[in-house]
Number of protein chains: 2
Amino acid sequence: MDKQEQILKAALRLFVEFGFHGTPTSKIAQEAGVSNGTLFHYYKTKDELVVALYVYIKTKITGCIASGKEEGETIKATFKRMFVSSMYWALENPIEFRFTQQFHSSPYLSMVSHEEILKQTRYLMDFMQEAIDARVLKPLPTDLLFTLISSHLAGINEYLVASKVDNEKQKEIINHSFDLIWDMIT
Amino acid sequence: MDKQEQILKAALRLFVEFGFHGTPTSKIAQEAGVSNGTLFHYYKTKDELVVALYVYIKTKITGCIASGKEEGETIKATFKRMFVSSMYWALENPIEFRFTQQFHSSPYLSMVSHEEILKQTRYLMDFMQEAIDARVLKPLPTDLLFTLISSHLAGINEYLVASKVDNEKQKEIINHSFDLIWDMIT
DNA sequence: ATTTTTGTGGAGTGATTAGTCAATCTTTAA
DNA sequence: TTAAAGATTGACTAATCACTCCACAAAAAT
């Protein structure tokens, strides 16, 4: 019954299907089962809604990646756990993932404050820096490492979504693609 | 004086800055220095213009990658030449490259005919298949290889654009990133 | 020379859009 | 119990948009 969340969910579906400007706010409100006024009560402008949706989704991904840490895990194990959970998150939430991709390569990205981006990436950045200090990862700039891994993930995801392989084969590809990227960065 | 090309160039600039639906056709015509009617004389709809622009740019990239082949080149040398020229094309044509990225992760992608996509990728796909048959590349599906390389390229590009390293360092990173992807796929 | 085709301009149009507003309903707080 | 604050509605508006239409100019074909 949380209208705010219903608005975000409706917006997500429509944005991915019709693009940002291709979906009118009126349709978002309709799809969410709320009035036009309610939408603008929560989000002053359409731009604000788009950015809020991005932050909402990014927070969910970040939370998912950060969770599940176990004591005494090696750096490699932590890395793999995060890699694999990112991969499965993207596979299980294809619309959310597509949205983030769409958002990233759109002019909206520049509307996200620098602090918000830092907040979302700090956990991973810190972890990678530690892994470099521990002489596990190659001493590359952390943002280069981050970009390499992100784009690798996006690439594998694109392939897995396009070519409908069975679950077993999928698992195999994910494991293999982890080995590939691991060899690349260590 | 080619009005058609001026329209495409104006559209490109505006689409990248303001997004697809964020740029009105009237502004494209204005920026191109032609009338509204002329724009719709060449492109029946805005969607048709967007897709035409994509094909226009893709054709340029494909031509650039395919050119420069020398006799007696090893497979690795051919691969590296194509990798490096893609990389530099993206760096020298950042707006065109951003457009293709934006297009790829947008609902417009599905408006491109399957044949057109095949036409654009066949050259590379065939080359990769040959490289697999020659036991140089790992026997992975060619579209997985393609996706892996494309996303790797996009990732490196993103990094190079964001962190303004000098030309020498840039060259070093490009060479290094080729080695990384080469090790990954062979 | 004359017809036909193609290119070009720009005012015009109907539909659509983001965003407003004043009126009601609901919840919270005193 | 009552007052204030927040939530919700949907009709409304001013602006904007994709696209049309028709007049005319240039070029090509006859």
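Throughout, protein chains are lettered first and strands after them, A, B, ... in sequence-line order, and every chain is numbered starting at 1.
Take B/F20 and apply the ring-ring contact (aromatic ring centres under 6.0 Å, His included) test, not counting sequence neighbours, and it matches B/F15, B/F99, B/Y108. For the side-chain contact (heavy atoms from CB on, under 4.5 Å) test, residues two or more places apart in sequence or in another chain that qualify with A/H176 are A/L180, B/K138, B/L140.
The two residues B/L39 and B/I7 make their nearest non-hydrogen contact at CA-CD1, 3.9 Å.
B/S35 and B/T38 share a side-chain donor-acceptor pair at under 3.5 Å.
Checking side-chain atoms of A/S151 against main-chain N and O of B/S151 turns up a donor-acceptor pair under 3.5 Å. When atom types are taken as modelled, the side chain of B/T147 and the backbone of A/G155 share no donor-acceptor pair closer than 3.5 angstrom. Judged purely by atom type and a 3.5 angstrom limit, A/Q101 has no side-chain atom pairing as donor or acceptor with the backbone of B/S105.
Between A/H104 and A/Y54, the distance from one ring center to the other falls under 6.0 angstrom.
From the 5' end on, the contacts that DNA chain C makes with chain A at under 4.0 Å to a non-hydrogen atom open and close at C/dT17 to C/dT20.
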Which atom pairs link the protein and nucleotides 25-28 of chain D when you take only N or O atoms and keep those under 3.5 Å?
none

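Around the NZ atom of A/K80, the shell of radius 6.0 Å holds more than 12 heavy atoms that belong to other residues, nucleotides or ligands.
Axis angle between the ends of the helix from C/dA1-D/dT30 to C/dA30-D/dT1, five pairs each and rounded to 10 degrees, works out to 20°.
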Notebook entry, point to check: Nucleotide by nucleotide, 5' to 3', does protein get under 4.0 Å of the base (B), only the sugar-phosphate (S), or neither (-) in nucleotides 10-24 of chain D, counting heavy atoms?
Noted result: B------SBBB----

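Counting heavy atoms from C-beta on, the side chains of B/I61 and B/I57 come closer than 4.5 Å. Using a 4.5 Å heavy-atom threshold, the side chains of B/F127 and B/I75 count as touching.
Taking a cutoff of 4.0 Å between a charged side-chain nitrogen and a carboxylate oxygen, B/K171 and B/E168 do not qualify as a salt bridge.
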